[in-house]
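Input: a single structure, listed below in C-alpha coordinates.
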Amino acid sequence: MAAAPLVYLPDPKLRVVSAPVERVDAATRALVDRMFETMYDAAGIGLAAIQIGEAKRVVVIDLAGKDETPEPLVFINPEIVASSEERQVYEEGCLSIPDYYEEVERPARATVRFLDREGAEQEIEADGLLSVCIQHEIDHLNGVLFIDHISRLKRDRVTKKFEKARAQGELPSFPKRDKRDRREPEAVTP
Ligand code: GNR
Ligand code: NI
(Lines give C-alpha, C1' and ligand atoms only; values in the text may rest on other atoms or scores of the structure.)
(Ligands and ions follow the chains in the order given, each with its own letter.)
Protein backbone atom coordinates (compact mmCIF):
# COMPACT_ATOMS: atom_id res chain seq x y z
CA MET A 1 0.00 0.00 0.00
CA ALA A 2 1.51 3.29 -1.11
CA ALA A 3 1.05 6.91 -0.15
CA ALA A 4 -0.94 9.07 -2.59
CA PRO A 5 0.12 12.52 -3.86
CA LEU A 6 -1.33 15.40 -1.83
CA VAL A 7 -3.52 18.15 -3.27
CA TYR A 8 -2.19 21.64 -2.49
CA LEU A 9 -3.59 25.17 -2.36
CA PRO A 10 -4.80 26.67 -4.77
CA ASP A 11 -6.12 23.41 -6.27
CA PRO A 12 -9.91 23.92 -6.78
CA LYS A 13 -10.48 20.36 -5.52
CA LEU A 14 -9.96 21.73 -2.01
CA ARG A 15 -13.21 23.71 -2.49
CA VAL A 16 -15.35 20.73 -3.52
CA VAL A 17 -18.08 19.48 -1.15
CA SER A 18 -17.38 15.76 -0.71
CA ALA A 19 -20.15 13.15 -1.14
CA PRO A 20 -21.36 10.83 1.63
CA VAL A 21 -20.14 7.21 1.54
CA GLU A 22 -23.13 5.04 0.59
CA ARG A 23 -21.71 1.73 1.82
CA VAL A 24 -18.66 1.04 3.95
CA ASP A 25 -17.15 -1.71 1.80
CA ALA A 26 -13.73 -3.04 0.77
CA ALA A 27 -13.18 -0.05 -1.54
CA THR A 28 -13.87 2.35 1.35
CA ARG A 29 -11.40 0.48 3.57
CA ALA A 30 -8.79 0.54 0.79
CA LEU A 31 -9.23 4.33 0.61
CA VAL A 32 -8.86 4.55 4.41
CA ASP A 33 -5.62 2.52 4.26
CA ARG A 34 -4.20 4.73 1.50
CA MET A 35 -5.11 7.82 3.54
CA PHE A 36 -3.25 6.51 6.60
CA GLU A 37 -0.17 5.74 4.45
CA THR A 38 -0.26 9.28 3.07
CA MET A 39 -0.86 10.93 6.44
CA TYR A 40 1.92 9.00 8.24
CA ASP A 41 4.27 9.64 5.31
CA ALA A 42 3.68 13.40 5.56
CA ALA A 43 3.82 13.35 9.39
CA GLY A 44 0.31 14.81 9.71
CA ILE A 45 -2.20 14.20 12.50
CA GLY A 46 -5.27 14.11 10.22
CA LEU A 47 -6.30 13.79 6.59
CA ALA A 48 -9.53 14.24 4.63
CA ALA A 49 -10.02 12.15 1.46
CA ILE A 50 -10.19 15.25 -0.77
CA GLN A 51 -6.55 15.97 0.16
CA ILE A 52 -5.67 12.98 -2.03
CA GLY A 53 -8.29 13.96 -4.62
CA GLU A 54 -11.17 11.68 -3.47
CA ALA A 55 -14.36 13.70 -2.91
CA LYS A 56 -15.75 11.29 -0.31
CA ARG A 57 -16.68 12.05 3.31
CA VAL A 58 -13.84 10.08 4.86
CA VAL A 59 -11.42 11.34 7.53
CA VAL A 60 -8.49 9.68 9.28
CA ILE A 61 -6.80 11.00 12.42
CA ASP A 62 -3.89 9.84 14.60
CA LEU A 63 -2.79 12.16 17.38
CA ALA A 64 -0.09 9.84 18.71
CA GLY A 65 3.40 11.29 18.61
CA LYS A 66 6.23 9.88 16.49
CA ASP A 67 7.54 7.60 19.19
CA GLU A 68 4.17 6.60 20.64
CA THR A 69 1.94 3.65 19.78
CA PRO A 70 -0.23 4.58 16.77
CA GLU A 71 -3.89 5.33 17.54
CA PRO A 72 -5.59 5.33 14.14
CA LEU A 73 -9.11 6.81 14.14
CA VAL A 74 -11.50 6.55 11.17
CA PHE A 75 -14.52 8.83 10.67
CA ILE A 76 -16.89 8.11 7.78
CA ASN A 77 -19.71 10.61 7.08
CA PRO A 78 -18.87 12.51 10.30
CA GLU A 79 -21.39 15.07 11.54
CA ILE A 80 -21.11 17.56 14.36
CA VAL A 81 -24.35 17.13 16.30
CA ALA A 82 -23.45 19.51 19.16
CA SER A 83 -20.66 21.89 20.04
CA SER A 84 -19.75 23.88 23.14
CA GLU A 85 -20.25 27.60 23.65
CA GLU A 86 -16.80 27.56 25.18
CA ARG A 87 -14.07 28.14 22.60
CA GLN A 88 -10.37 27.40 22.29
CA VAL A 89 -7.53 28.69 20.14
CA TYR A 90 -4.93 26.53 18.43
CA GLU A 91 -2.15 27.24 15.98
CA GLU A 92 -3.32 25.17 13.01
CA GLY A 93 -1.48 23.89 9.99
CA CYS A 94 -2.63 21.89 6.95
CA LEU A 95 -0.82 19.35 4.77
CA SER A 96 -2.40 21.10 1.75
CA ILE A 97 -0.89 24.46 2.83
CA PRO A 98 2.68 23.44 3.77
CA ASP A 99 4.71 25.56 6.18
CA TYR A 100 1.91 27.96 7.06
CA TYR A 101 0.54 28.20 10.61
CA GLU A 102 -2.00 30.52 12.14
CA GLU A 103 -4.17 30.61 15.25
CA VAL A 104 -7.79 29.55 14.76
CA GLU A 105 -10.60 29.82 17.30
CA ARG A 106 -13.20 27.05 17.36
CA PRO A 107 -15.68 25.49 19.83
CA ALA A 108 -13.69 23.72 22.57
CA ARG A 109 -15.79 20.54 22.40
CA ALA A 110 -17.74 18.86 19.62
CA THR A 111 -20.04 15.84 19.66
CA VAL A 112 -19.43 13.91 16.45
CA ARG A 113 -21.60 11.14 14.99
CA PHE A 114 -19.95 8.97 12.33
CA LEU A 115 -19.52 5.48 10.89
CA ASP A 116 -16.42 3.50 11.84
CA ARG A 117 -14.25 1.29 9.59
CA GLU A 118 -16.84 -1.50 9.92
CA GLY A 119 -19.75 0.79 9.04
CA ALA A 120 -21.12 0.86 12.61
CA GLU A 121 -22.57 4.14 13.91
CA GLN A 122 -20.55 5.79 16.69
CA GLU A 123 -20.71 9.00 18.68
CA ILE A 124 -17.89 10.72 20.58
CA GLU A 125 -17.46 13.97 22.45
CA ALA A 126 -14.10 15.37 21.38
CA ASP A 127 -12.12 17.94 23.33
CA GLY A 128 -8.58 19.33 23.21
CA LEU A 129 -6.57 18.56 20.08
CA LEU A 130 -8.99 15.88 18.84
CA SER A 131 -11.74 18.52 18.80
CA VAL A 132 -9.52 20.91 16.81
CA CYS A 133 -8.54 18.19 14.37
CA ILE A 134 -11.98 16.69 13.70
CA GLN A 135 -13.43 20.18 13.13
CA HIS A 136 -10.54 20.98 10.73
CA GLU A 137 -11.17 17.72 8.82
CA ILE A 138 -14.97 18.12 8.64
CA ASP A 139 -14.33 21.59 7.21
CA HIS A 140 -12.31 19.90 4.40
CA LEU A 141 -15.33 17.68 3.60
CA ASN A 142 -17.28 20.91 3.06
CA GLY A 143 -14.61 22.61 0.94
CA VAL A 144 -13.55 24.83 3.85
CA LEU A 145 -9.89 25.46 4.82
CA PHE A 146 -8.50 26.73 8.13
CA ILE A 147 -7.40 29.93 6.36
CA ASP A 148 -11.12 30.69 5.92
CA HIS A 149 -11.19 31.25 9.70
CA ILE A 150 -8.38 33.86 9.75
CA SER A 151 -8.33 37.50 8.63
CA ARG A 152 -8.87 38.27 4.94
CA LEU A 153 -5.51 40.06 4.82
CA LYS A 154 -3.65 36.95 6.02
CA ARG A 155 -5.74 34.62 3.84
CA ASP A 156 -5.15 36.70 0.69
CA ARG A 157 -1.44 36.86 1.47
CA VAL A 158 -0.99 33.08 1.82
CA THR A 159 -3.27 32.34 -1.14
CA LYS A 160 -1.26 34.68 -3.38
CA LYS A 161 1.98 33.08 -2.24
CA PHE A 162 0.75 29.61 -3.21
CA GLU A 163 -0.78 30.90 -6.50
CA LYS A 164 2.58 32.42 -7.42
CA ALA A 165 4.49 29.25 -6.57
CA ARG A 166 2.05 27.22 -8.67
CA ALA A 167 2.33 29.67 -11.60
CA GLN A 168 6.11 29.17 -11.48
CA GLY A 169 5.60 25.42 -11.63
CA GLU A 170 6.80 24.86 -8.07
CA LEU A 171 5.27 22.12 -6.01
CA PRO A 172 5.15 22.95 -2.32
CA SER A 173 8.15 21.49 -0.51
CA PHE A 174 7.65 18.81 2.06
CA PRO A 175 6.57 20.39 5.35
CA LYS A 176 9.59 21.37 7.41
CA ARG A 177 7.92 21.51 10.78
CA ASP A 178 6.55 18.19 11.96
CA LYS A 179 2.78 18.64 12.00
CA ARG A 180 2.69 16.10 14.84
CA ASP A 181 4.57 18.57 16.99
CA ARG A 182 1.63 19.09 19.29
CA ARG A 183 0.78 21.70 21.88
CA GLU A 184 -2.32 21.91 24.06
CA PRO A 185 -5.12 24.14 22.77
CA GLU A 186 -5.56 27.37 24.72
CA ALA A 187 -8.83 28.24 26.40
CA VAL A 188 -10.47 31.44 25.21
CA THR A 189 -11.80 33.73 27.90
CA PRO A 190 -14.78 35.64 26.53
O1 GNR B 1 -1.21 17.58 10.38
C2 GNR B 1 -2.01 18.46 10.70
N3 GNR B 1 -1.79 19.17 11.83
C4 GNR B 1 -2.73 20.03 12.36
C5 GNR B 1 -2.29 20.92 13.33
C6 GNR B 1 -3.17 21.80 13.92
C7 GNR B 1 -4.49 21.79 13.54
C8 GNR B 1 -4.94 20.93 12.56
C9 GNR B 1 -4.06 20.05 11.97
S10 GNR B 1 -4.61 18.96 10.76
C11 GNR B 1 -3.15 18.76 9.83
C12 GNR B 1 -3.34 17.72 8.75
C13 GNR B 1 -4.35 18.23 7.75
O14 GNR B 1 -4.12 19.09 6.95
N15 GNR B 1 -5.54 17.71 7.83
O16 GNR B 1 -6.51 18.13 7.00
NI1 NI C 1 -5.99 20.21 6.49
Side-chain angles (χ1 to χ4, degrees), residues 3-18 31-68 70-78 80 83 87-110 112 114 126-150 154-155 158-159 161-162 171-188:
L6 284 163
V7 169
Y8 297 106
L9 192 73
D11 194 315
K13 280 192 184 107
L14 292 172
R15 296 309 188 175
V16 167
V17 178
S18 294
L31 170 61
V32 163
D33 293 345
R34 198 151 46 93
M35 288 171 65
F36 275 119
E37 288 280 341
T38 308
M39 184 188 76
Y40 289 131
D41 220 58
I45 59 171
L47 193 76
I50 196 62
Q51 294 182 277
I52 58 166
E54 290 270 355
K56 302 218 168 86
R57 301 186 81 83
V58 179
V59 165
V60 298
I61 291 178
D62 192 331
L63 303 181
K66 266 204 288 287
D67 304 318
E68 294 168 8
E71 284 182 51
L73 303 174
V74 176
F75 300 87
I76 297 166
N77 301 341
I80 295 177
S83 48
R87 300 174 73 86
Q88 65 184 0
V89 168
Y90 197 77
E91 188 183 60
E92 299 197 15
C94 182
L95 293 174
S96 296
I97 313 173
D99 281 328
Y100 185 74
Y101 303 87
E102 202 54 65
E103 286 192 342
V104 175
E105 185 181 316
R106 300 180 185 273
R109 293 175 302 283
V112 184
F114 61 98
D127 63 7
L129 184 54
L130 180 58
S131 177
V132 173
C133 195
I134 190 67
Q135 291 180 65
H136 174 118
E137 302 310 340
I138 291 173
D139 271 353
H140 274 303
L141 304 184
N142 296 323
V144 173
L145 301 172
F146 84 91
I147 56 171
D148 299 336
H149 299 291
I150 66 179
K154 287 176 176 169
R155 179 169 61 253
V158 63
T159 304
K161 192 184 132 185
F162 277 81
L171 263 185
S173 59
F174 201 76
K176 289 180 196 78
R177 191 205 294 186
D178 194 334
K179 290 199 163 47
R180 301 167 147 279
D181 172 18
R182 295 144 305 138
R183 273 155 272 260
E184 279 309 302
E186 257 173 65
V188 171

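Order of appearance sets the numbers: ligands from 1, and atoms from 1 within every ligand.
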ask   = Got a second to check how far S96's OG is from I52's CD1, nearest 0.5 Å?
value = 10.5 Å
key: Heavy-atom side-chain contact between Y100 and I147 under 4.5 Å   = yes
request  = Pick, from L6, L129, V132, I45, the option with the minimum heavy-atom distance to atom 3 (N) of ligand 1.
outcome  = I45
Which segment of H140 sits under 4.0 Å of ligand 1 when only heavy atoms are counted = side chain
ask   = Polar-atom distance check: Y90 versus ligand 1, any N or O pair below 3.5 Å?
value = no
Residues which pass side-chain hydrogen bond (donor to acceptor under 3.5 Å, both in side chains) with N77, listed by chain and number, not counting sequence neighbours = none
Protein N, O or S atoms under 2.8 Å from the Ni ion (ligand 2) = 3
ask   = With a 4.5 Å heavy-atom cut-off, do R15 and L145 have their side chains touching?
value = yes
inquiry  = Could you measure the distance from the CD atom of E186 to the CD atom of E105? Nearest 0.5 Å is fine.
reply    = 10.5 Å
inquiry  = In the structure I gave you, are the side-chain heavy atoms of R106 and E92 within less than 4.5 Å of one another anywhere?
reply    = yes
request  = Can you figure out which of Q51, H136, E137 has its heavy atom closest to atom 8 (C) of ligand 1?
outcome  = H136
query = Could an N or O of ligand 1 be found under 3.5 Å from any N or O of C133, whether backbone or side chain?
reply = no
message = Would S96 count as being in polar contact with ligand 1, using the rule that some N or O on each side must be under 3.5 angstrom apart?
response = no
K161/D99 ion pair, N-O < 4.0 Å = no
inquiry  = For ligand 1, which is the ligand I care about here, please tell me if E91 has any N or O atom under 3.5 Å from one of the ligand's N or O atoms.
reply    = no
query = side-chain hydrogen bond (donor to acceptor under 3.5 Å, both in side chains) with E137: which residues, sequence neighbours excluded?
reply = none
task = Decide whether an N or O pair under 3.5 Å exists between L95 and ligand 1.
result = yes
query = Among G46, G93, P185, which residue places a heavy atom closest to atom 13 (C) of ligand 1?
reply = G46
task = With sequence neighbours excluded, tell me which residues meet ring pair (Phe, Tyr, Trp, His ring centres under 6.0 Å) with F36.
result = Y40
